[in-house]
Structures are given as C-alpha cells and as structure tokens.
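Working notes, structure below.
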There are 2 protein chains.
Amino acid sequence: MSLADDSAKPGAGTLYKTIRQDIERRILTGEWPPGHRIPFEHEIMARYGCSRMTVNKALSELAQADLIERRRRAGTFVRRPQFLSAVLKIPDIRAEIGALGRAYGYELISTARRAANAADRERLGVKKPCKVAAIRCRHSADNVPFALEDRLIDLDAVPDAAKANFKIDPPGSWLLHHVPWTEAEHAISAIVADEAIAEGLDIAVGAPCLVIERHTWRQGQPLTAVRLVYPGEQHRLVARFRGSE
Amino acid sequence: MSLADDSAKPGAGTLYKTIRQDIERRILTGEWPPGHRIPFEHEIMARYGCSRMTVNKALSELAQADLIERRRRAGTFVRRPQFLSAVLKIPDIRAEIGALGRAYGYELISTARRAANAADRERLGVKKPCKVAAIRCRHSADNVPFALEDRLIDLDAVPDAAKANFKIDPPGSWLLHHVPWTEAEHAISAIVADEAIAEGLDIAVGAPCLVIERHTWRQGQPLTAVRLVYPGEQHRLVARFRGSE
DNA sequence: AGCGAGTTTATGTATAGACATATCACCCGT
DNA sequence: ACGGGTGATATGTCTATACATAAACTCGCT
C-alpha cells in the first residue's frame with residue numbers, strides 16, 4: 001500500500017510469517033501487554049495489503065501457541081502471562097549419556113514376572129488383575145553409577161515386553177522404540193540415600209538424590225511405571241523454554 | 001458422499017479437526033508407525049471429499065505439533081518418537097498455593113540494592129557492570145514453610161523493579177505480571193538442608209531438598225536469576241504430557 | 001558409468017469470496 | 001429497571017484456483 005514500510009522486513013520470506021513475527025515481537029517486548037486487543041483481522045489485512053486468510057493463518061498459529069486468545073465478536077487479545085512453563089526433555093538414559101560423550105554402561109540387577117499383587121496394581125493404576133514384569137537395573141557413565149531404575153511393565157498392555165531381553169538393552173530404550181504412548185506423567189522429588197541406594201549409586205548414606213517417577217499410558221491404559229534415582233548433587237535436569245521458536 | 005463411512009465421527013464438529021484427529025489416532029495407536037508415509041493431500045481430499053486447503057490446515061497443525069514431518073515432493077511422514085518430554089509448569093508460587101486451597105503466606109527476609117559484584121554478574125550472566133536487586137524471602141502454605149527464595153534482578157533490564165514494593169507482594173508474582181520474557185531455563189537438583197535452610201524451612205539438618213534454579217531472559221538480555229529451595233519429601237513437581245490435547 | 005539439465009510432483013503460500021456461529025450491544029416492551 | 005429479542009460484527013470454516021518452490025526423478029550427453 002503506498003507507505004514506505006511496505007518493503008518491511010524480508011527476514012521471514014513469507015508474508016504470514018512476517019505478520020506473525022511482527023505481532024510476536026510486539027507482545028514479547030511489552031508494546032502490546034497482556035489483555036491488549038490486537039487489531040482486527042480486517043485492519044491487519046489493510047495494513048499489510050493482503051487477504052484475510054493470510055492474516056488468519058498468522059493469528060491461528062499464535063493462538064495455537066497460546067500467545068493470544070481469540071474471541072468471536074470481541075476480537076483477539078494478548079494472553080495473560082501463562083504459567084512459567086518449560087519443556088522438560090527427559091531422554092532415554094542411554095541416549096543422554098551418549099550425548100554427553102561418555103561411555104554408557106548397563107547392568108540388570110533383577111527381573112521378575114508375576115501376577116500383579118495389590119502394590120503393583122496400585123503403583124500402575126490398574127484395577128483388574130494382570131501380569132507384570134518387574135525390573136531393577138543400573139545405568140552408569142564411564143563406569144560411574146548414574147541412576148538406579150525400578151520399573152513395572154503391564155504385560156497385558158505390552159505383551160511384547162515378555163519376549164524382550166533386558167539383559168543387554170535397558171527397558172527404557174526398548175519401550176521408547178517399540179511402544180507408542182499417548183500420555184506421560186512425571187513427578188520429581190528429592191530424597192536422601194538409604195543404605196540400598198547408597199550402595200547402588202556408590203554414594204554416602206544421607207546424600208541427596210533426585211527422584212523421577214514416570215507413568216506412561218496409551219489411550220488411558222497404563223503401560224509402565226518407573227522410578228529413577230539419581231545422585232542429586234551431580235545430576236541436574238535442565239529445561240529451556242523459548243517463546244515459540 | 002457416497003461411502004458408508006461418510007458419517008464418520010461427529011466428535012469434532014468441523015471437517016479439518018475430524019481429519020486431524022483421524023490421522024492423530026492412527027499415529028498414536030501405532031497403525032501408522034514412525035517413518036510411515038501419510039497419504040498425499042490429494043488422496044486425503046478425495047477420501048473426505050473436501051478441498052486441499054482443508055486437508056492442508058489439518059496437516060499443518062499436526063506438523064506444528066511435531067507429530068508429522070512434511071517434505072516437498074516426497075510427502076508427509078510420521079515422525080520418529082520424540083524424546084520423552086513433558087511440559088513442566090512452574091507456576092507463580094502464590095498461585096500454586098492458592099490452587100491447592102491453602103492459605104498463602106509471604107515473608108521478606110532481606111532486600112538489597114547494589115552495583116553488581118563479580119558473583120552477581122556471574123550468576124546473572126551479564127558482563128557489563130550493572131545495578132542489581134537481591135531479595136531473599138520465604139513462602140508458606142497454611143503457616144508451614146513452603147519454599148525459600150533467593151533472587152537477583154538486573155535493575156538495568158528491569159528498572160521498574162526498583163520502585164516495586166516487595167514487602168507485601170512476592171517478587172516472582174510481580175515480575176510475572178509486569179515483565180515480559182522470551183526465554184527461561186530451569187535446572188532442578190537435590191541437596192540436603194544445611195543449617196540455614198533447615199531453620200528457614202523448619203526441617204531437620206540433612207533433610208532432602210529440591211532446588212529449582214531459574215534464569216529468565218528477554219531477547220537475550222538477562223532479567224532475573226532465582227533459586228528456590230523446597231522441602232524435598234513434601235514437595236513434588238508434576239508434569240503431564242498429552243500428545244497434543 | 002557419471003554428470004548435468006530439464007521435468008514432474010507434492011507441498012507452501014496466497015487470493016477472493018461465501019456462509020456459519022458465537023456474542024456483544026442495543027432497543028423495545030413490560 | 002429488567003428481561004428478551006434482534007441485529008451487527010469478528011472470528012471460524014471452507015472452497016476453487018493460482019502460482020511458487022524444493023526435491024526427486026528422467027533422460028540424454030559426454
């Protein structure tokens with residue numbers, strides 16, 4: 001349209017991305033604070049001299065990323081600051097250690113297959129009787145203990161797990177590559193090492209440990225429950241968050 | 001129309017959502033495993049009797065959610081299993097306690113304003129001299145200590161913080177509502193309580209504690225660094241992940 | 001065989017127009 | 001004042017079409 005800024009920034013290449021980034025920038029710098037009403041689609045389309053669908057695509061993506069909220073008839077608004085959230089990536093331990101450039105070691109401590117007792121069912125969150133596999137193992141990096149794992153697998157939900165050989169491959173890696181999941185829940189807490197943990201991790205009794213408990217489901221059906229214990233002062237979980245790439 | 005399955009599932013309401021969910025279901029159940037090529041857009045549009053733009057909208061959203069990968073000329077493919085990742089929501093502590101239905105208490109322990117010393121600059125990650133605010137405070141729930149907070153704020157980046165009154169409102173809440181941020185990094189670890197922490201949290205020396213260290217930036221500029229210490233056996237961080245709603 | 005140019009193809013972006021739908025704002029009657 | 005009906009309006013979905021672009025494939029030349 002006529003104005004000098006028509007050239008705009010070619011930093012994006014495509015129009016809708018330019019629009020999206022322009023709006024994102026205004027939100028992130030605080031120029032448009034939370035609650036602020038963003039111009040209507042027809043205003044933006046006039047401003048950039050494009051069609052409504054193009055504006056709509058930019059705004060839809062921002063809405064999908066939870067940066068803005070759209071209300072029919074009312075308009076589009078900058079969302080109140082979300083909870084400070086972060087994507088916590090908890091990779092397969094073998095891959096994690098490999099990524100650190102250290103030698104991965106794995107040791108199966110015990111394995112059992114049994115009909116689920118009350119404690120197993122409670123832990124997995126299943127009501128009906130089922131068979132489970134119970135596995136304990138240890139991961140190490142450069143021959144230094146890295147984490148202890150205590151896992152239950154619902155063999156009715158994951159029958160293939162009965163055939164898998166966990167003497168060589170850790171169950172976490174096997175499951176991640178063979179079993180699709182739809183929901184996962186992590187709980188992170190801190191404990192002090194008791195005698196068994198101290199011995200397993202080669203640390204002092206009373207040393208702090210980080211505990212991650214993870215439950216995984218597929219379509220509401222429990223698959224596995226795992227408890228990982230890390231030496232707390234040596235291990236850190238790091239999560240980084242960027243406001244939509 | 002014509003085919004029996006045209007009725008499909010009205011569970012979505014709109015066509016593109018139906019398409020999106022149909023594909024999502026096939027991926028999540030493993031019917032279309034990682035690496036599998038999804039039908040071409042023209043095939044899907046024939047299958048549902050709709051226009052290409054509608055199919056494209058469904059696929060674009062799945063691509064934005066990282067469930068599929070699209071390659072020109074080659075087609076659309078189911079992505080390999082991502083890292084087991086979870087969105088860890090770390091809310092403002094006041095809101096967190098309020099959500100638990102408990103009474104929030106806040107106590108300012110100490111506050112200082114000074115030119116940043118070497119340790120401050122190291123911790124914030126700034127190189128140039130600047131002024132900082134250093135705040136220590138305690139959060140409690142139902143009069144039971146909940147967390148200790150030790151925070152640095154870069155006053156050059158957040159000049160308004162100099163005027164804020166942290167005697168009544170916790171700095172985390174104030175920052176969350178007044179300062180837009182673009183990047184955050186969390187590190188989670190476990191420690192045992194030393195004497196100062198034990199006294200502050202009213203727990204025993206040697207008890208396990210969960211530590212969250214958070215750094216926040218705006219456009220690469222450090223804003224604040226905070227260290228939160230929680231009683232480790234009472235507090236759990238919970239993160240739940242669903243495969244795109 | 002090896003290599004480069006041209007062709008094909010699936011996705012990527014954009015358009016103008018249409019109808020649907022949720023809601024807010026206003027007006028009107030009680 | 002209050003409640004209900006009604007119209008205006010911004011977003012939500014969808015279509016049919018067009019051209020751009022990147023990458024894989026084909027083919028022919030050396």
Side-chain angles (χ1 to χ4, degrees), chain A residues 1-2 6-24 27 32 35-79 244-245, chain B residues 1-2 6-24 27 32 35-79 244-245:
Chain A
M1 60 147 54
S2 60
D6 201 349
S7 62
K9 50 195 62 186
T14 66
L15 222 191
Y16 92 90
K17 279 186 182 167
T18 303
I19 298 175
R20 180 163 68 79
Q21 287 174 10
D22 280 357
I23 294 170
E24 203 171 316
I27 294 174
W32 287 348
H36 179 267
R37 211 208 75 230
I38 283 179
F40 297 127
E41 291 189 350
H42 70 265
E43 296 177 290
I44 299 177
M45 86 191 236
R47 165 74 181 67
Y48 288 86
C50 65
S51 82
R52 211 190 114 210
M53 282 299 290
T54 304
V55 175
N56 189 279
K57 177 155 186 166
L59 293 178
S60 294
E61 287 196 3
L62 289 171
Q64 202 186 333
D66 250 17
L67 253 137
I68 60 174
E69 184 186 347
R70 317 199 70 196
R71 290 205 301 275
R72 279 177 146 127
R73 166 70 219 235
T76 302
F77 302 84
V78 179
R79 276 182 65 98
S244 84
E245 83 227 68
Chain B
M1 24 193 65
S2 52
D6 199 348
S7 61
K9 51 194 62 184
T14 67
L15 221 191
Y16 91 89
K17 280 186 182 166
T18 303
I19 297 175
R20 180 163 69 78
Q21 287 174 10
D22 280 358
I23 294 171
E24 202 172 316
I27 294 173
W32 288 347
H36 181 266
R37 212 208 74 231
I38 283 179
F40 298 127
E41 292 189 350
H42 72 265
E43 295 178 289
I44 299 177
M45 87 191 235
R47 165 74 180 70
Y48 288 87
C50 64
S51 83
R52 211 190 113 210
M53 283 300 291
T54 303
V55 176
N56 190 279
K57 176 154 187 168
L59 293 178
S60 295
E61 288 196 2
L62 290 172
Q64 203 187 332
D66 250 17
L67 252 138
I68 60 175
E69 184 187 349
R70 316 199 71 195
R71 289 205 302 276
R72 280 176 144 127
R73 166 72 219 237
T76 302
F77 301 84
V78 178
R79 276 182 64 99
S244 84
E245 85 227 67

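Here is the naming used below: chain letters follow the sequence lines, and residue numbers restart at 1 for every chain. In this text, all values refer to a predicted model and were calculated from it rather than measured experimentally.
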Quickly work out the A/Met45 CE to D/dT9 C1' distance and round it to whole Å.
15 Å

Which distance, rounded to the nearest 0.5 Å, do you find between the CD1 of A/Ile27 and the NE2 of A/His36?
10.0 Å

Let's see if you can work this out: which of D/dT11, C/dT15, D/dT15 has an atom nearest to the side-chain heavy atoms of A/Ser51?
C/dT15

May I have the distance from A/Arg20 (atom CZ) to C/dA14 (atom C1'), rounded to whole angstrom?
16 Å

Taking side chain to side chain contact (heavy atoms under 4.5 Å, CB included) as the criterion, tell me which of A/Leu67, A/Val55, A/Ile44 meets it with A/Ile23.
A/Ile44

Nearest heavy-atom contact between B/Arg71 and B/Glu69 is NH1-OE2, 3.7 Å

Produce a footprint string for nucleotides 18-27 of chain D: one letter per nucleotide, 5' end first; B if the base is under 4.0 Å from any protein heavy atom, S if only the sugar-phosphate is, - if neither.
B--BSBBS--

Specify the residue among A/Tyr16 and B/Ile38 whose closest nucleotide of DNA chain C lies further upstream toward the 5′ end.
B/Ile38

For B/Leu62 and C/dT11, give me the distance from atom CG to atom P, rounded to whole Å.
13 Å

Would you indicate what A/Leu59 reaches in the nucleic acid, counting non-hydrogen atoms under 4.0 angstrom: base, sugar-phosphate, or nothing?
nothing

Mind grabbing the angle between the end helix axes of the helix from C/dA1-D/dT30 to C/dT30-D/dA1? Five pairs an end, 10° rounding.
10°

Rounded distance [0.5 Å steps], CZ in B/Arg70 versus CD in B/Glu41:
4.5 Å

In this structure, how many angstroms lie between the C1' atom of D/dT15 and the CD1 atom of B/Ile19, rounded?
13 Å

Whole Å only: how far is the CD atom of B/Glu61 from the C1' atom of C/dG12?
16 Å

Quick one: label B/Ser60 by what it contacts on the DNA or RNA (base, sugar-phosphate, nothing), any heavy atom closer than 4.0 Å.
nothing

Any side-chain heavy-atom pair of B/Leu62 and B/Thr76 under 4.5 Å:
no

Would you say D/dT15 has OP1 or OP2 under 4.0 Å from some side-chain N or O of B/Thr54?
yes

With A/Leu59, which of A/Ile68, A/Thr54, A/Ile19 fulfils side chain to side chain contact (heavy atoms under 4.5 Å, CB included)?
A/Ile68

Are any of the side-chain heavy atoms of A/Pro39 and A/Trp32 separated by less than 4.5 Å?
yes

When rounded to whole Å, the OH to P distance for the pair A/Tyr48 and C/dT15 reads 13 Å

Atom-to-atom span, CG of A/Leu15 to C1' of C/dG12 - whole angstrom
13 Å

Close side-chain approach of B/Glu43 and B/Arg47, heavy atoms under 4.5 Å
no

Return no unless some side-chain N or O of B/Lys57 is found under 4.0 Å from OP1 or OP2 of D/dC14.
no

Nucleotide C/dT21, atom P - distance to CZ of A/Arg70 in whole Å:
18 Å

Shortest non-hydrogen contact from B/Ser60 toward A/Lys57
OG-NZ, 4.4 Å

